[in-house]
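Okay, structure first, notes after.
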Amino acid sequence: MNASLFSERLEHLLATVHSVTVLTGAGVSAESGVPTFRDPGGLWSQFRPEELANVDAFMRNPQLVWEWYTYRKRMISDVSPNPGHFALAEMEGFVGDFTLLTQNVDNLHQRAGSSDVVELHGNIHHRFCMDCGQDAVEIDGSERSVVPRCVSCGGLLRPGVVWFGEMLPGEQLRRASDAAARCQLFLSIGTSGEVYPAAQLPSLAREHGAYVVEINPRSSSIAHRMHECIEGVSGIVVPAMLEIMRRARRTA
Ligand code: BV8
Ligand code: ZN
């Protein structure tokens with residue numbers, strides 16, 4: 001892989017940087033076989049988000065929504081992290097201040113070994129009670145009823161993800177904004193930049209002086225806010241970035 005993928009400035013930054021913040025979207029899991037949302041054949045071409053990923057839809061038809069999340073969970077459990085996930089997990093060890101923010105609920109970053117992942121939109125394996133709010137442990141597929149109930153109050157359990165129209169978890173949003181505002185290099189990987197407030201983070205980083213880079217085979221809706229756009233897939237580009245870091249630290 002010739003280094004010309006990256007500008008001189010980015011090559012130098014990768015070799016010397018000590019504070020990196022990364023934002024990932026569905027694209028980073030595409031090479032693992034997890035469909036993205038907005039790409040051709042993506043989830044939103046098969047299902048309508050307003051019918052599935054919001055609380056009114058859940059109250060209208062909890063069975064339908066649970067079936068959809070069970071279908072996605074099964075799909076996710078049948079796949080494995082890809083070289084993009086593994087390179088990000090390894091990058092953590094090369095950079096003093098490294099923060100991984102994700103919009104993904106698929107747990108693949110954690111399965112690749114990334115620690116302390118900031119999950120902006122929750123996690124598909126989490127669930128909690130609509131009535132008493134209690135977190136509930138995930139039981140394997142042996143559950144009889146598709147719509148699980150809370151063991152302490154009998155209330156409806158819902159997936160521990162952030163639905164459209166719902167605020168992101170405050171702690172995660174605060175950590176994400178802090179990490180975006182303090183980093184030297186911000187990488188936006190595999191996201192279309194269409195979902196807010198996550199799509200605001202690259203601009204926040206740029207406003208605070210970071211060098212902001214997009215990795216995406218197609219220009220996203222926020223490409224114009226980047227200093228540099230790498231047109232490629234994360235499973236190739238992120239390992240190439242890691243190689244520059246590894247080489248620089250070997251010769252340091
Ligand atoms: C909220 C969890 C306060 C559930 C998800 C400002 C302007 C406009 C609208 C809004 C706004 N502020 C708020 C809104 C409303 C809304 C929003 O943004 N709507 C959009 C659609 C217009 N935001 C919200 O509702 C948020 N809450 O704002 O609360 C509030 C409340 C009320 C009213 C106002 C404000 C909550 C948003 C979170 C929703 N939950 N997921 C679940 O997963 O089931 S979002 C879900 O979709 C994912 O988590 C993900 O974040 C998003 C999909 O985006 P991407 O990950 O980017 O995926 P996508 O398919 O779009 O793109 C994939 C990209 O990868 C492509 O660019 C492709 O080219 C690239 N790619 C493909 N292969 C590869 C690749 N890249 C690299 N390598 C490859 N191999
Ligand atoms: Zn309960």
Side-chain angles (χ1 to χ4, degrees), residues 1-32 36 38-39 81-104 108-109 112-118 176 179-194 198-252:
M1 169 72 56
N2 55 11
S4 63
L5 247 183
F6 314 117
S7 68
E8 290 285 316
R9 176 164 179 193
L10 181 52
E11 283 231 2
H12 176 70
L13 206 41
L14 290 167
T16 58
V17 72
H18 53 76
S19 175
V20 175
T21 298
V22 177
L23 172 68
T24 65
V28 82
S29 297
E31 291 152 87
S32 295
T36 63
R38 289 174 180 74
D39 288 325
N82 65 63
H85 294 110
F86 289 115
L88 286 170
E90 201 177 334
M91 200 180 277
E92 206 176 302
F94 283 103
V95 179
D97 173 19
F98 183 88
T99 310
L100 178 54
L101 316 172
T102 191
Q103 299 170 82
N104 301 343
L108 289 176
H109 284 302
S114 285
S115 64
D116 202 11
V117 178
V118 178
R182 75 167 182 270
C183 66
Q184 292 168 286
L185 175 62
F186 188 100
L187 303 177
S188 180
I189 310 176
T191 182
S192 60
E194 299 202 9
Q200 195 63 38
L201 293 165
S203 308
L204 178 65
R206 182 167 182 151
E207 284 148 23
H208 286 78
Y211 191 71
V212 184
V213 176
E214 172 172 291
I215 299 169
N216 195 319
R218 285 169 290 283
S219 286
S220 76
S221 311
I222 52 175
H224 59 286
R225 303 208 190 120
M226 306 290 165
H227 290 104
E228 189 165 338
C229 291
I230 319 269
E231 269 191 36
V233 294
S234 55
I236 302 278
V237 176
V238 184
M241 287 182 158
L242 184 66
E243 186 48 33
I244 292 174
M245 287 181 171
R246 196 183 282 124
R247 214 176 317 128
R249 281 146 182 83
R250 241 202 320 267
T251 52

Inset, instruction - Any chance you could measure L14, atom CG, to F6, atom CZ, to the nearest 0.5 Å? - result: 6.5 Å
Legend entry - NE2 on H109 to CG on N104, rounded to 0.5 Å: 5.5 Å
Inset, instruction - Please check if any side-chain donor atom of H85 sits under 3.5 Å from a side-chain acceptor atom of S234, or the reverse. - result: no
Between [X] and [Y], is there a donor-acceptor pair closer than 3.5 Å when you use the side chain of the first and the backbone of the second?
| X | Y | answer |
| --- | --- | --- |
| R225 | P202 | no |
| E214 | M226 | no |
| E31 | N82 | no |
| N216 | G190 | no |
| S221 | S192 | yes |
| S7 | L10 | yes |
| Q103 | A26 | no |

Inset, instruction - Taking the side chain as every heavy atom from C-beta outward, state whether L204 and F186 have any atom pair closer than 4.5 Å. - result: no
Legend entry - Option from I215, V237, L23 for which side chain to side chain contact (heavy atoms under 4.5 Å, CB included) with I189 holds: I215
Legend entry - Worked verdict on R182 versus H208 for side-chain contact (heavy atoms from CB on, under 4.5 Å): CA-CA 7 Å; R182 75 167 182 270; H208 286 78; over 6 Å; no
Inset, instruction - Go through the steps to decide whether R9 and E228 satisfy the test salt bridge (Lys or Arg N to Asp or Glu O under 4.0 Å), and finish with yes or no. - result: CA-CA 10 Å; R9 176 164 179 193; E228 189 165 338; over 6 Å; no
